[in-house]
Amino acid sequence: MKELIQQLLEQAVTTLKSQQILPEDLAPRIQVDRTKDKAHGDLATNLALMTAKPAGKNPRELAQLICDNLPESTLVEKTEIAGPGFINFYLNNAWLSEQLDAMSRDAKSNVKLADAPQTIVVDYSAPNVAKEMHVGHLRSTIIGDAVVRTLEFLGHKVVRANHIGDWGTQFGMLIANLEEVEKQGTDAGSIELSDLEAFYREAKQRYDSDEEFAVRARNYVVKLQGGDEYCNTMWRKLVDITLSHNQAVYNRLNVSLQMSDAMGESQYNAMLPEIVADLEKQGLAVEDNGAKVVFLDEYKNKDGDPMGVIVQKKDGGFLYTTTDIACAKYRYQQLGADRVLYFIDSRQHQHLMQAWSIVRKAGYVPEEVPLEHHAFGMMLGKDGRPFKTRSGGTVKLVDLLNEAEERAQQIVAEKSRDLNEQEQQQAAKAIAMGAVKYADLSKNRTTDYIFDWDNMLAFNGNTAPYLQYAYTRIQSILRRADIDVSSLTQTIELEHDAEIALGQKLIQFSDTVHGVANKGMPHMMCNYLYELAGAFMSFYEACPILKNASEQQQQSRLRLAALTAQVITQGLSLLGIETLERM
RNA sequence: GCACCCGUAGCUCAGCUGGAUAGAGCGUCGCCCUCCGGAGGCGAAGGUCACAGGUUCGACUCCUGUCGGGUGCGCCA
């Protein structure tokens, strides 16, 4: 919608240039905004204000010239010049009605697909091997998955990259301990991940107390890194146990990651020596105290000298900076990424900036391929302190999801008495997962954020249950109408203000999907859907659909209602949230 | 010490590429059920956008500084 107005304005600019009213070399960034106040029309541009100075003209006078030179268009009802020189556009209702008609007949609600589909790598979730997923993995997993769904919807090729923590010195003791367990006759495949947590502690304890065990563990680290087949097999078992457990969590959360999307740190090991050698060859890495270090002028250490980033330890080992350099290189060169998005917590920001700074200097990824860090903070409890169990431990994701379902079940049992038990279970599950996910998705803070059960499970405000409820309410009306709305040919008539407002909100869906894709920010979709639901509720109050309405009005309003439901369910599905027919 | 992120209503959060009178929900107070789902709607009160300068026709938004909070800074990941 904005684009169409922009095109009209561009043509006007071209015309004015040819008339020497605007300088030939002027290339203004044409900005079209939705107005906050209806008195200012539906859309507005500040074009005349921006170009007044270079054109040497009074802004209002210039605005008039722009309006006079706008091409004829069916979508604009009229234009007005307001304030210091804004041009306000009033949309034509017949045009709006046609747009809504087209939306309701299109499987993707007339969302404009990407003109040039890209290959986009999205790095998200990233749990660790031999550890259960905990609340710290929630945000990355959920936000990343929503962005992935949105990008795919627009036609991009998305590579889901689950950068699991599957490498490090701790694997020596884990392998040694797995050996002990297998000696006692337990098959690795039968180990549950919850046992694996205990297993991890057991390994650590043995490592600390048993010198012979520790020696063996250290030996295994060396052998594993050297590609030893036995150690590799044992390592693989640990990875597989973890992946299959995590898969259950992803499935339950309706996260689209599969086991085959795991692209762990270990995958880049083979690249590391050549990266360091190349950095040295390029003169970027130098030896310092036995280690290989890249000095970056843009980062200073405590003495004010360029900060050194170690890419290889003096014992020959590699650190995660080198892995992240290799990883970015791989994603560009091997996966053919046009864009890479990282959903990783904000504590790693500086580290990523350093790694990418080296990546750019070494020429591994060209500047035109964006590497984007989408950061977020820690999860805090309602009291503003880190979100922990009563005993102060880390909250496991499984426990969090269980609690969400328990809470949702209580609410459903109380409020959805007309559903049978199975329907109640299903509703509770959808509400619980929706609430948890939406609570994360709807926040844009890069800083710490507050996790509050009462807020997220509320049926009012910007929450998943509110949107799910709005959807079921519409479904209820459509059921009651008892006609196939998709077969209606009645045009959508926008008479009442509330109908126009709803219609205008509906056609913003396409812009919203693109906003989420371009910025990697799903909260824009949340805000939009909340506003849409609000616009529908106002319409619903003001415009009777089934009663006190003419045949024509009834059909038109049913179509509007059905389209609203279509957009809500589609929008929520892009966020990975389910809707229900009844709740 | 240096760097990064943040500071918007009592609380939780929006505020797009700088645009017109800074918006929601909760909580507080009021109104609306002979009405298609009241799990709803309408309204009121509540703001020095941390503070001070600067740029601009115009700043919550950009720049500089100060204060406050969080996080990270050479051989873990």
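Because the structure is a prediction, the values reported are computed rather than measured. Below, all heavy atoms of this structure are taken into account, side chains as well, without hydrogens, waters or symmetry copies.
- Rounded to an integer number of Å, the gap from A/Asn527 CG to B/A14 C1' is 5 Å.
- At a threshold of 4.0 angstrom between heavy atoms, the contacts of A/Met378 with the nucleic acid are absent.
- Rounded to an integer number of Å, the gap from CG of A/Asp440 to P of B/A14 is 12 Å.
- In the set B/C13, B/C36, B/C75, B/C13 carries the atom at the smallest distance from any side-chain atom of A/Ile450.
- Checking the phosphate oxygens (OP1, OP2) of B/U17, a side-chain nitrogen or oxygen of A/Lys519 falls inside 4.0 Å.
- Between A/Ser538 and the phosphate of B/C42, there is a side-chain N or O to OP1/OP2 separation shorter than 4.0 Å.
- Figure legend: A/Arg139 and A/Tyr124 shown without cation-pi pairing, the cationic atom not lying both under 6.0 angstrom from the six-membered ring centre and within 45 degrees of its axis.
- Atoms CZ (A/Phe459) and C1' (B/G41) sit 18 Å apart, rounded to a whole Å.
- A/Asn269 places a side-chain N or O within 3.5 Å of a backbone atom of A/Ser266 that can act as its donor or acceptor partner.
- When distances are taken from the side chain of A/Val293 to each of B/C16, B/G74, B/A20, the shortest belongs to B/G74.
- A stem is defined here as three or more consecutive Watson-Crick or G-U pairs, each with both distances under 3.5 Å; for RNA chain B these stems are B:1-7 with B:67-73, B:10-13 with B:23-26, B:28-32 with B:40-44, B:50-54 with B:62-66.
- The base of B/A39 sits with one of its N or O atoms less than 3.5 Å from a complementary donor or acceptor on the side chain of A/Ser416.
- Ranking B/A20, B/G15, B/G40 by closeness to the A/Asn88 side chain, first place goes to B/A20.
- When distances are taken from the side chain of A/Asp448 to each of B/C13, B/A39, B/G70, the shortest belongs to B/G70.
- Comparing B/C6, B/G74, B/G40 by their nearest atom to the side chain of A/Asp288 picks out B/G74.
- At whole-Å resolution of the value, CD in A/Gln475 and P in B/A39 are 19 Å apart.
- Checked by atom type and distance alone, the side chain of A/Asp448 pairs as donor or acceptor with a backbone atom of A/Met378 at under 3.5 Å.
- Between A/Arg473 and the phosphate of B/G38, there is a side-chain N or O to OP1/OP2 separation shorter than 4.0 Å.
- Looking at residues 161-168 of chain A, you'll see that no heavy atom sits under 4.0 Å from any atom of RNA chain B.
- A/Gln552 places no side-chain N or O within 3.5 Å of a backbone atom of A/Glu493 that could act as its donor or acceptor partner.
- For the pair A/Tyr438 (side chain) and A/Cys526 (backbone), a donor-acceptor distance under 3.5 Å is present.
- Between B/G37 and A/Ser476, a contact under 4.0 Å exists linking OP1 or OP2 to a side-chain N or O.
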Original post:
What one-letter contact string describes nucleotides 21-32 of chain B from 5' to 3', where B marks a base within less than 4.0 Å of any protein heavy atom, S marks contact via sugar-phosphate atoms alone, and - marks no contact?
Top reply: B--SSS------
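- Separating the CG atom of A/Leu380 from the P atom of B/U71 is a distance of 9 Å, rounded to the nearest angstrom.
- Nearest nucleotide to the side chain of A/Lys53, out of B/U56, B/G72, B/G37: B/U56.
- One can find a donor-acceptor pair under 3.5 Å joining the base of B/A77 and the side-chain atoms of A/Tyr320.
- Contact annotation: A/Arg60 does not reach the phosphate of B/C57 (side-chain N/O to OP1 or OP2, under 4.0 Å).
- Here A/Glu372 pairs with A/Arg339, A/Leu341, A/Pro370, A/His374 under the side-chain contact (heavy atoms from CB on, under 4.5 Å) rule; sequence neighbours left out.
- Closest approach to the A/Lys2 side chain among B/G37, B/A77, B/C16 is made by B/C16 (side chain taken as heavy atoms from C-beta onward).
- Out of B/C36, B/U56, B/A77, the shortest distance to the side chain of A/Lys547 is found at B/C36.
- With A/Phe459 as the aromatic partner, A/Lys415 meets the cation-pi criteria of under 6.0 angstrom to the ring centre and within 45 degrees of the ring axis.
- Within the cation-pi definition used here (under 6.0 Å to the ring centroid, within 45° of the axis), A/Lys131 qualifies as a partner of A/Tyr200.
- Closest to the A/Tyr449 side chain, of the nucleotides B/C57, B/C36, B/C13, is B/C13.
- Heavy atoms of A/Ile545 sit under 4.0 angstrom from at least one base atom.
- Counting any heavy atom pair closer than 4.0 Å across all strands shown, A/Lys314 reaches a base atom.
- Relative orientation of the A/Phe536 and A/Phe539 rings is tilted, given thresholds of 30° and 60° on the angle between their planes.
- Side-chain nitrogen and oxygen atoms of A/Arg445 include at least one within less than 4.0 Å of the OP1 or OP2 phosphate oxygen of B/A14.
- Between A/Thr169 and A/Phe451, the one whose closest nucleotide on RNA chain B sits nearer the 5' end is A/Phe451.
- Between the side chains of A/Thr579 and A/Thr569, a donor-acceptor pair is found at a separation under 3.5 Å.
- Atom pair A/Ile87:CD1 and B/A20:P shows a separation of 16 Å (rounding to whole Å applied).
- For A/Gln170, there are no side-chain hydrogen bond (donor to acceptor under 3.5 Å, both in side chains) partners at least two apart in sequence or on another chain.
- Checked by atom type and distance alone, the side chain of A/Gln553 pairs as donor or acceptor with a backbone atom of A/Ser550 at under 3.5 Å.
- Backbone-only contact: A/Phe318 has heavy atoms under 4.0 Å from sugar-phosphate atoms and none from a base.
- Residue A/His349 is the one, among A/Ala542 and A/His349, whose nearest nucleotide of RNA chain B lies closer to the 5' end (criterion: closest heavy atom).
- Note on A/Glu265: only backbone sugar-phosphate atoms sit closer than 4.0 angstrom, heavy atoms only; bases stay farther off.
- Within the nucleic acid shown, A/Asn289 comes within 4.0 Å of at least one base atom, counting heavy atoms only.
- Here side chain to side chain donor-acceptor pair (under 3.5 Å) pairs that include residues 42-60 of chain A, with residues two or more places apart or in two chains, are A/Lys38-A/Asp42, A/Asp42-A/Gln504.
- For the pair A/Lys382 and B/C11, the criterion of a side-chain N or O lying under 4.0 Å from OP1 or OP2 is not met.
- Side-chain atoms of A/Arg582 never come within 3.5 Å of backbone atoms of A/Thr472 as a donor-acceptor pair (strictly under, hydrogens ignored).
- Between A/Glu414 atom CD and B/G37 atom C1' there is a gap of 17 Å when expressed in whole angstrom units.
- When rounded to the nearest whole Å, the span between CD1 of A/Ile310 and C1' of B/C75 equals 4 Å.
- Regarding contacts with the backbone of B/G19, a side-chain N or O of A/Gln31 is found under 4.0 angstrom from either OP1 or OP2.
- With A/Tyr449 as the aromatic partner, A/Lys443 does not meet the cation-pi criteria of under 6.0 angstrom to the ring centre and within 45 degrees of the ring axis.
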